[in-house]
Undergrad: 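Right, I'll just put the structure down here and ask away after.
Labels below follow one simple rule: chain letters A, B, ... track the order of the sequence lines, proteins then strands, and each chain is numbered from 1.
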Amino acid sequence: MDLKRYYPVVVLILVVILIQILTSLFGITFYLTQLTMSAYYSLLTIGLCMLMGYAGQISLGQAGFFAIGGYTTAFLTTVNLIDKAEAPVLSLFKSLGIMVLREDLYGNKILHLSPWVAFLFAVIITIFIAFLIGVPVLKLKGHYLAMATLGFGIIVYRVVLGTRAFGEADGITRVPGFNLLPGIRVSGDFANRVENYYIAWVLVIIGAILLINLVNSRAGRALRYLHGSEEAASTMGVNVSRYKLNVFVLSAIYASVAGVFLTHFNAGIGPSEASVMKSVRYVAIVAAGGMANLWGTLIMAVTLNFLSLRGVFGTYDDAVFAVILIVIMLFAPRGLIRKGVISEIEFAFKKLKPGGIIKVKRES
Amino acid sequence: MSFEQVLQYIFSGITVGSIYAVVAIGFNIIYNSTGIINFAQGEFVMMGGIIAHSFTPTMPLFLAVVLAVVITTAVGSLIELVFIRSLKNPSVLRMIIITIGLSILIREIALHIWDEKIRALPFFTGSEVTSITIFGAHISPQVLWVLGITALIVVALQFFFYFTFTGQAMRACAANRKAASLCGINTRKMVNLSFCLSAAIGAVAGCTVSPLTQTHYAMGTPLAIKGFTVAILGGLGNSTAAVLAGLLLGLLESFSISLLPMAYKDVIAISILLLILFFRPGGLFQSRQIVALKSF
Amino acid sequence: MNRPYIRTPVLLEVKNLNKSFGGVHAVNNVSFTLNSGIIKAIIGPNGAGKTTLFNIISGILKANSGRVSFKGEDITGLNPHEIAERGIVRTFQNIKLAGHMSVLDNVMIGRHSKTRAGFFAAALSLPWTIKEEARTKEVCMEIMEMFSLTDLANEEVSNLPFGKQRAVEFARALAADPELLLLDEPASGLNIYETEELAEVIERIKNKGITILLVEHDMSLVMDISDEILVLNFGKEVASGLPEKVQKNPEVINIYLGEG
Ligand SMILES: Nc1ncnc2c1ncn2[C@@H]1O[C@H](COP(=O)(O)OP(=O)(O)O)[C@@H](O)[C@H]1O
Ligand SMILES: [Mg+2]
C-alpha cells in the first residue's frame with residue numbers, strides 16, 4: 001500500500017503536539033480553547049469536503065446536522081426526569097446503568113440519560129434524518145440541490161428557534177460534561193483544557209484517516225467519478241444514488257458528532273449554530289481549501305475558525321466569509337492550498353477584462 | 001373563524017404573495033437570460049426599502065423611492081459587470097457559490113451602513129391607522145398600493161417583453177443565445193439588462209411593502225427562498241405562472257398562522273418547496289416536457 | 001467479406017422496443033437477436049435512433065414498451081449499474097470520462113462491478129481491500145498496455161488528445177470484463193490511421209470471446225468487421241442480415257445515396 005498518503009497525518013500529529021507544548025511554555029494555554037472548538041468545526045468541514053469536494057454534491061444544510069447532533073445531546077442530558085423516575089422505562093434504563101443522577105448548582109437533583117446514550121441517540125437520529133432527506137434531495141442537481149439543502153437548513157433553524165423545549169432564542173445551557181472514558185471528560189472546565197484539546201484533535205485525526213482511506217479506495221474512486229459524470233459512473237456499475245446517499249449520510253454523521261462534542265465542551269448550544277450563515281461558512285471553507293482537497297480544507301478550517309473565534313474579523317466576521325467565497329470562486333476556483341496558485345491568480349487578474357458572455361452549463 | 005377574519009387573512013396573504021411573485025419574476029428574468037439562479041435576489045428587495053427609508057427625512061417619499069430604485073438598479077448592473085461578466089463557462093456550483101457570497105456581502109454591508117434596526121417607510125397614503133373597509137374587513141390602503149404596483153409591474157413586463165424591440169431581443173437571447181448573437185443582438189447588454197430589471201422590480205417591491213412588513217437588513221434570505229419556491233411552483237422561467245404561485249404561497253402562509261405558531265411560518269413555505277422539488281420539479285402547472293422551453 | 005459463422009446461443013434479445021420523445025418516435029418497434037461471439041453492426045443516418053437504442057439497452061433510458069433480455073433474463077427497466085453488473089458495458093458517442101481524474105483512475109473505475117470494497121471496508125482500509133485494490137491496478141495496467149496508455153497512467157484525462165481519450169474509454173470498458181460490449185460510433189473523430197488501429201482492436205476484442213454491438217458511420221469499417229448488420233431509419237428497421245445482403249438492399253442504398 002502507498003504509505004505516502006499518511007505523511008500529512010504524521011505532520012498533523014506533530015503540529016498538534018508542538019502547539020500544545022508551545023502554548024504551555026509561553027503560558028498561553030487559553031489559545032487551546034479556541035483550537036479545540038476549531039477542531040470540532042474542522043471535523044464537520046472535512047465531512048462536507050467529502051460530500052461537496054469529492055462527490056460534487058453541494059450542501060447548504062450542514063449546520064442543520066450539526067445542530068441536530070448538538071441539540072439532541074443537549075436536550076437528553078438536561079431534561080430532568082426526576083418526577084417520572086418511577087416510570088417502568090426509566091427503571092429499566094436505571095438498571096441498565098444508562099441514567100445519570102446529579103445535582104445542579106442549586107442543589108436540585110437532576111435525573112437524565114447518560115451522555116453516551118445521548119451521543120448514540122444523536123447519531124442514530126442524524127442517520128435517520130439524513131436518509132429521509134437524502135433520498136429525495138440527492139435526486140436533484142445544481143440550483144435545485146442547493147436550494148433544497150438550504151431549505152432543510154432553514155427548517156432546522158426555525159424549529160430550534162421556535163420550540164420551547166429547545167430554549168428558543170437562548171438555546172440549551174448547563175449541558176453537563178461527557179465522560180468519554182474513565183478519567184477522560186469532554187467539558188469546558190478550565191482544568192480539562194489540555195485534555196480536551198487532545199480529545200478534539202484525536203477525533204479529527206481519526207476522522208481524517210478514515211476519509212483518506214475512503215478517498216483512495218474503490219468506493220472513493222466511484223464518488224469522485226460520479227462527480228465527473230454520473231452517467232458514465234452508472235454504466236460502469238456504480239450505484240450512483242446509493243453512493244450519493246452514503247456520502248451524504250457520512251457527512252451528516254461528521255457534522256452531528258462535531259455538534260455533540262462541541263455542545264458538551266461549550267456546556268450548551270444556541271440557535272446560531274443552526275443558522276444559514278454557518279452552513280455557508282462551511283461551504284466557503286471547503287471552497288477555499290480547494291474543494292477536492294482534504295488537507296487544504298482542514299488547514300483552512302482551522303485557520304479561519306480560529307481567527308473568527310479569536311474575534312480577529314470583528315464585526316466583519318460574516319462579510320469575511322462572503323468575500324472569501326466570491327474571491328475564491330472568481331479567481332481561484334480550485335482553491336488556495338495547492339501548488340501554482342500564485343501564478344494562476346496573477347493570470348486571472350490579467351485576464352479580468354470585460355468580455356466573454358457567461359455560459360452556464362445547465363443541469364436540470 | 002369569521003368571514004371578516006377570513007377576508008383579513010386573504011388580503012394579508014395576497015399582499016405578501018405578490019411580493020413573493022415579484023421576487024420569483026426577478027429570479028426568472030436572470031435565469032432565462034443566463035441560466036443562473038441569483039441567490040442575492042432577496043437583497044434587492046431589502047435594498048429598495050432600506051435606501052428609500054434613509055432618504056425620506058430629506059425629500060418627498062416619491063422621490064426617495066425613485067432614487068432607491070435607481071441605486072438598486074445600478075448595484076444590480078454593477079454586480080453583473082464585476083462578478084458575472086468575467087466568467088467564462090463557469091460551473092453551476094461556482095455560480096451558486098458566487099451569488100450566495102454576494103447575497104451575504106450585500107447583507108453585511110447593509111448591516112454596517114444601517115445597523116440591525118427594523119425600519120419602515122411611511123405609508124404611501126394615510127398612516128398605519130388609516131383603513132378602508134371591504135366587506136367588513138379592515139384593510140390598509142397600502143395593501144391596495146402593493147397589489148396595484150405588482151399588477152403594474154407584471155403588465156409592464158409583459159408589454160416590455162412582447163411589444164418592445166429590446167424585450168423581444170431579450171426573449172431571443174433566452175431562447176437561443178448563440179442564434180441571437182448571430183442575428184446581431186448584443187447578448188452581453190441583454191444579460192446586463194436582465195440584472196438591472198430584476199434589481200429594479202425587487203427594489204420597487206421592497207419600497208411598497210415596507211410600510212406593512214417592515215425592512216430589515218437580514219430579510220433577503222427568507223424572501224429569496226420563498227421567491228424561489230414560487231418560481232419553482234410556477235415552473236422555473238415562467239413568470240405568469242409565478243404570479244399565481246406567489247398568491248397561492250402567500251395565502252397558504254397566511255392561513256397557516258391560524259393553525260401553527262408564528263415561529264414556524266417559514267417552515268410551511270420551505271416544506272412546500274421541498275415537496276415540489278421532490279415530486280413536481282417542473283412546477284404545478286406544466287408537464288415536464290414543456291419545462292425545457294423558456295419564456296418570460 | 002464472406003464470413004460464414006457457426007450459430008451460437010442467443011446472448012441478447014430485443015423485442016418490440018419503443019421509445020418516443022414528445023412527438024419523435026426515436027425507436028419504433030425494433031426487434032433483433034444477437035448471438036454470442038459475433039459482431040453486429042447497427043447503421044442508419046443521423047437521428048435514426050441508434051444511440052437511443054443503446055441508451056435503453058444500457059439502462060440510461062427507460063423504454064415506453066418492449067423487452068430486452070440478456071442470457072434469457074429480462075433486464076428491461078433495470079438501472080444502469082445493475083445492467084453493468086450483468087456484463088453489458090458500453091462506450092459513448094461523445095466520450096464520457098471523468099476529465100479531472102487520471103487515466104489510471106478512469107480505467108480502474110471499469111473494474112467497479114468486479115470488485116467489492118464498500119464504504120466501511122474502505123474507510124477502515126481492511127487488508128483485503130488493499131489486496132483487491134492492488135490487483136485491480138495490476139489488471140488495469142495490463143489493459144492500458146494494450147492501448148499504449150501506460151506512460152500516461154497518471155496524466156489527467158482532460159489533457160489528452162481526442163484519440164487517446166477514445167482509447168481510455170475502450171480500456172475502461174475492457175477492464176469491466178464485459179460479455180457484451182456496446183460501441184457507439186467508436187471511429188467518430190478519429191483519423192484514418194487511428195480508424196485502422198481501431199478495426200484491429202475490435203477484432204482482438206472479438207477474439208477474446210466478447211460479443212460486440214457496434215454503431216458506426218464509417219461504412220468501410222462496418223463492412224470489414226461485422227458479421228451481421230441491422231439498418232435503422234427513423235427508428236424503424238429497414239433491413240437486416242449478412243453484410244453483403246444488406247449492402248444490396250435497394251432501400252438501404254436509397255437511404256445512403258439520399259443522404260449523401
Ligand atoms: N434525450 C432526448 N430528448 C429528446 N429527443 C431525443 C433525445 N435523445 C434522442 N432524441 C431524438 O431521438 C432521435 C434519435 O436520436 P439518436 O438516438 O441520438 O440517433 P442516432 O444515434 O441514430 O443518430 C433524434 O430525433 C433525436 O433528436
Ligand atoms: Mg448517435
Undergrad: What distance separates H143(A) NE2 from I96(B) CD1, expressed to the nearest 0.5 Å?
TA: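 Rounded to the nearest 0.5 Å, the NE2-CD1 separation comes to 4.5 Å.
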Undergrad: With a 4.5 angstrom heavy-atom cut-off, which part of V137(A) approaches chain B: side chain, backbone, both or neither?
TA: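 Contact with chain B: backbone and side chain both.
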Undergrad: What about H112(B) and Y316(A), are their ring centers closer than 6.0 Å?
TA: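 H112(B) vs Y316(A): aromatic centres under 6.0 Å.
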Undergrad: Roughly how far, to the nearest 0.5 Å, is CD1 of I104(B) from CD1 of I324(A)?
TA: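 Here the rounded value is 11.5 Å.
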Undergrad: Checking L140(A) against F278(B) for the side-chain contact (heavy atoms from CB on, under 4.5 Å) test, could you report, in this order, the C-alpha distance in whole Å, the side-chain angles of both residues, the deciding distance, and whether it holds?
TA: CA-CA 8 Å; L140(A) 306 170; F278(B) 299 163; 4.2 Å; yes
Undergrad: Are the side chains of D318(A) and R107(B) in contact, using a 4.5 Å heavy-atom criterion?
TA: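 Counting from C-beta outward, R107(B) and D318(A) do come under 4.5 Å.
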Undergrad: Would you compute the distance between atom CD1 of I98(B) and atom CD1 of I328(A) and round it to the nearest 0.5 angstrom?
TA: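 So the CD1 of I98(B) and the CD1 of I328(A) are separated by 11.0 Å.
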Undergrad: Compare every heavy atom of S271(B) with every heavy atom of I155(A), then report the nearest pair and how far apart it is.
TA: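 Heavy atoms of I155(A) and S271(B) come nearest at CD1-OG, 3.9 Å.
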Undergrad: Taking all non-hydrogen atoms of both residues, which atom of A322(A) and which atom of G101(B) are closest, and how far apart?
TA: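 Nearest pair, atom of A322(A) first, then G101(B): CB-O, 3.4 Å.
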Undergrad: Do I97(B) and V283(A) touch side chain to side chain, with heavy atoms closer than 4.5 Å?
TA: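 Of all side-chain heavy-atom pairs linking V283(A) with I97(B), at least one is under 4.5 Å.
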Undergrad: Indicate the atoms forming the closest heavy-atom contact of A319(A) with L105(B), along with that distance.
TA: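 Distance-wise, the nearest heavy atoms are O-CD1, 4.2 Å.
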Undergrad: Looking at V267(B) and R158(A), what are the two nearest heavy atoms and their distance?
TA: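 In this case the closest contact between V267(B) and R158(A) is CG2-CB, 3.6 Å.
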Undergrad: Is it the case that atom CZ in R242(A) sees more than 12 heavy atoms from other parts of the structure closer than 6.0 Å?
TA: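 12 or below, so no.
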Undergrad: What I'd like to find out is whether the side chain of I232(B) reaches to under 4.5 Å of the side chain of Y144(A), using heavy atoms alone.
TA: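 Counting from C-beta outward, I232(B) and Y144(A) do come under 4.5 Å.
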Undergrad: I need the residue from P136(A), A146(A), G151(A), G162(A) with the largest number of non-hydrogen atom pairs under 4.5 Å to chain B.
TA: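 If we count pairs closer than 4.5 Å to chain B, P136(A) comes out on top.
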Undergrad: Within a strict 4.5 Å, meaning less than it, do heavy atoms of the L150(A) and F228(B) side chains meet?
TA: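 Counting from C-beta outward, L150(A) and F228(B) never come under 4.5 Å.
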Undergrad: How about L325(A) and L102(B): do any of their side-chain heavy atoms sit closer than 4.5 Å?
TA: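 The answer is no, as the side chains (C-beta and beyond) never meet within the 4.5 Å cut-off.
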Undergrad: How many angstroms lie between atom CG of L145(A) and atom CG of L93(B), to the nearest 0.5 angstrom?
TA: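 Taking CG in L145(A) and CG in L93(B), the distance rounds to 9.5 Å.
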Undergrad: Checking Y264(B) against T163(A) for the side-chain contact (heavy atoms from CB on, under 4.5 Å) test, could you report, in this order, the C-alpha distance in whole Å, the side-chain angles of both residues, the deciding distance, and whether it holds?
TA: CA-CA 9 Å; Y264(B) 295 142; T163(A) 306; 2.6 Å; yes
Undergrad: At a heavy-atom distance under 4.5 Å, which candidate from I133(A), I58(A), T315(A) has the highest pair count against chain B?
TA: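 Looking at each of I133(A), I58(A), T315(A) in turn, T315(A) comes out on top.
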Undergrad: Against chain A, label L277(B) side chain, backbone, both or neither, depending on which of its atoms sit under 4.5 Å from a heavy atom there.
TA: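 Its backbone and side chain both get close to chain A.
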Undergrad: Are any non-hydrogen side-chain atoms of F83(B) and L330(A) less than 4.5 angstrom apart?
TA: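 Answer yes - side chains close enough.
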Undergrad: Just so I know, are the side chains of M277(A) and E108(B) near enough to count as touching, which here means a heavy-atom distance under 4.5 Å?
TA: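 No, too far: nothing below the 4.5 Å cut-off.
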